[in-house]
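Below is one structure, written out as structure tokens; comments come after it.
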Amino acid sequence: MKSHRIALIPGDGVGVEITEEAVRVLDTASDIHGFDVSTESFDWSCDRYLETGSMMPEDALEVLSGFDSIFLGCIGDSNKVEDHISLQMLLAIRKGFDQYVNLRPIKLYPGVSSPISTATPETVDILVIRENTEGEYSGVGGFFKRGTPDAFALQTGVFTWKGCERAIRYGFEAARKRSKLGSSAPVGRVTNCTKSNALNYSMVFWDEAYDHVARDFPDIETDMALVDALTMWLVKNPDFFDVIVASNLFGDIITDLGAMLQGGMGFAAGGNVNPEGDYPSMFEPIHGSAPKYTGQRVVNPIATIEAVRMMLDNIGESEAADHIQTAIAATLGTGQVRTRDMGGSSSTVEMGSAVVGAMRATA
Ligand code: IPM
Ligand code: MN
């Protein structure tokens with residue numbers, strides 16, 4: 001029997017309760033689809049920081065490297081630790097494990113309503129590929145002359161050819177796969193999210209990498225949108241988009257808009273992927289830790305369950321992944337279980353149980 005070792009990092013706030021749902025779905029999938037899962041949980045969080053002075057131990061990456069995959073709940077609680085400190089943990093794993101692709105599917109399930117009126121299950125089926133280890137998030141810079149009238153800060157983007165090229169190439173390959181599967185777009189299309197009209201070095205370089213990669217994919221339609229205009233087009237014509245490739249920061253911003261297209265943060269998941277498999281990849285709901293709801297079990301676990309689905313797909317359990325997707329669709333489609341964000345009063349556990357029940361019913 002195949003077996004998978006999964007590291008769990010529940011994190012802060014509602015992280016613990018959503019991770020319980022992740023484990024339940026994982027266990028159900030392993031039971032039905034005949035593979036083994038063993039999980040180990042790590043208490044790396046703001047509470048740990050308050051006790052020990054660090055979010056995670058010094059050998060954290062070494063510890064994690066023994067796992068096949070990582071599930072991350074949610075990190076950060078600004079009442080305890082400043083966000084720019086606590087969230088370094090997330091960025092350190094992304095960079096340390098060369099998880100250079102941030103995979104963010106944006107799909108609106110039937111039965112879910114989006115606050116954006118153009119968004120329907122027929123119009124929203126997009127995949128954003130966000131570069132995940134460099135660019136605007138390179139962490140290069142400093143504070144200077146602090147406390148004087150001449151104080152200034154520098155934050156430098158680092159765009160390497162290799163870094164741009166490989167993320168963009170992943171996007172074109174994904175478009176090719178999607179068009180074979182019959183996504184909503186007539187042909188595969190990759191939109192280049194850029195800002196080369198104003199960012200005259202980094203984004204001009206990024207565009208060159210895009211053009212270079214596009215030549216290897218004559219079957220895929222090319223497209224370009226400046227990031228500001230892209231936010232507008234995503235709202236106006238979501239159905240136009242198939243795959244979007246974006247730099248780290250731009251990808252971050254447009255996927256929050258994407259989350260609204262798909263019904264809200266309760267539905268949005270992401271994968272931090274090292275495509276070569278040299279290191280474990282990491283999957284997470286992209287919402288925050290919602291400290292004020294901690295322990296109340298009111299948050300929507302669908303984003304978490306989606307993250308588990310993406311993880312299983314990534315580690316070769318595509319049948320189980322598809323089964324989870326079918327179960328999510330069935331659960332949301334009946335509209336009987338609705339969490340608070342959906343205007344209902346079902347709990348986190350009730351939504352999780354409904355998905356698990358749908359999996360069992362179709363096993
Ligand atoms: C995300 C988050 C992170 C990011 C934050 C928490 C550092 O917003 O995963 O989208 O900006 O990448
Ligand atoms: Mn974000």
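Counting convention: from 1, in listed order, for ligands and their atoms alike. All of these numbers come straight from a predicted model, not from anything done at the bench. Residues take their numbers from the sequence shown, with the count starting at 1.
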*Of all residues at least two apart in sequence or in a different chain, which pass the side chain to side chain contact (heavy atoms under 4.5 Å, CB included) check with T222?*
F172, Y210, A214
_Nearest-option assignment for atom 8 (O) of ligand 1, heavy atoms, candidates D252, D83, L249_ = D252
*Can M89 be said to touch ligand 1, with heavy atoms closer than 4.0 Å?*
no
*asked:* Looking at E173 and R176, is there a salt bridge between them, counting it only when a charged N and a carboxylate O are closer than 4.0 Å?
replied: no
*asked:* Salt bridge check, E317 against K2: does any charged N sit closer than 4.0 Å to a carboxylate O?
replied: yes
*Kindly identify the option in T255, L87, D256 whose heavy atom sits closest to atom 7 (C) of ligand 1.*
L87
*Is there a donor-acceptor pair closer than 3.5 Å between any side-chain N or O of E17 and the backbone N or O of R297?*
yes
*Would you list the protein N, O or S atoms within less than 2.8 Å of the Mn ion (ligand 2), leaving out water?*
D252 OD1
*Counting only N and O atoms by type, is there a donor-acceptor contact under 3.5 Å from the side chain of N272 to the main-chain atoms of M282?*
yes
*asked:* What protein heavy atom lies closest to atom 11 (O) of ligand 1? Include the residue and the distance to one decimal.
replied: Y137 OH, 2.5 Å
*R130 near ligand 1 by a heavy-atom separation under 4.0 Å*: yes
_Exam field: side chain S196 to backbone V204, donor-acceptor pair closer than 3.5 Å_ = no
*Report the nearest protein non-hydrogen atom to atom 3 (C) of ligand 1: residue, atom name, distance rounded to 0.1 Å.*
L90 CD2, 4.0 Å
*Under 6.0 Å from the six-membered ring centre of F42 and within 45° of its axis: does the NZ or CZ of R48 meet both?*
no
*ligand 1 contact on R104 by region, counting heavy-atom pairs under 4.0 Å*: side chain
*R178/D125 ion pair, N-O < 4.0 Å*: yes
*Please work out whether the ring planes of W161 and F205 are parallel, tilted or perpendicular, with thresholds of 30° and 60°.*
perpendicular
*Taking 4.0 angstrom as the limit, do K162 and E165 come out as a salt bridge?*
no
*Which of the atoms in ligand 1, numbered in the order shown and given with their element, are less than 4.0 Å from a heavy-atom of R94?*
1 (C), 4 (C), 9 (O), 12 (O)
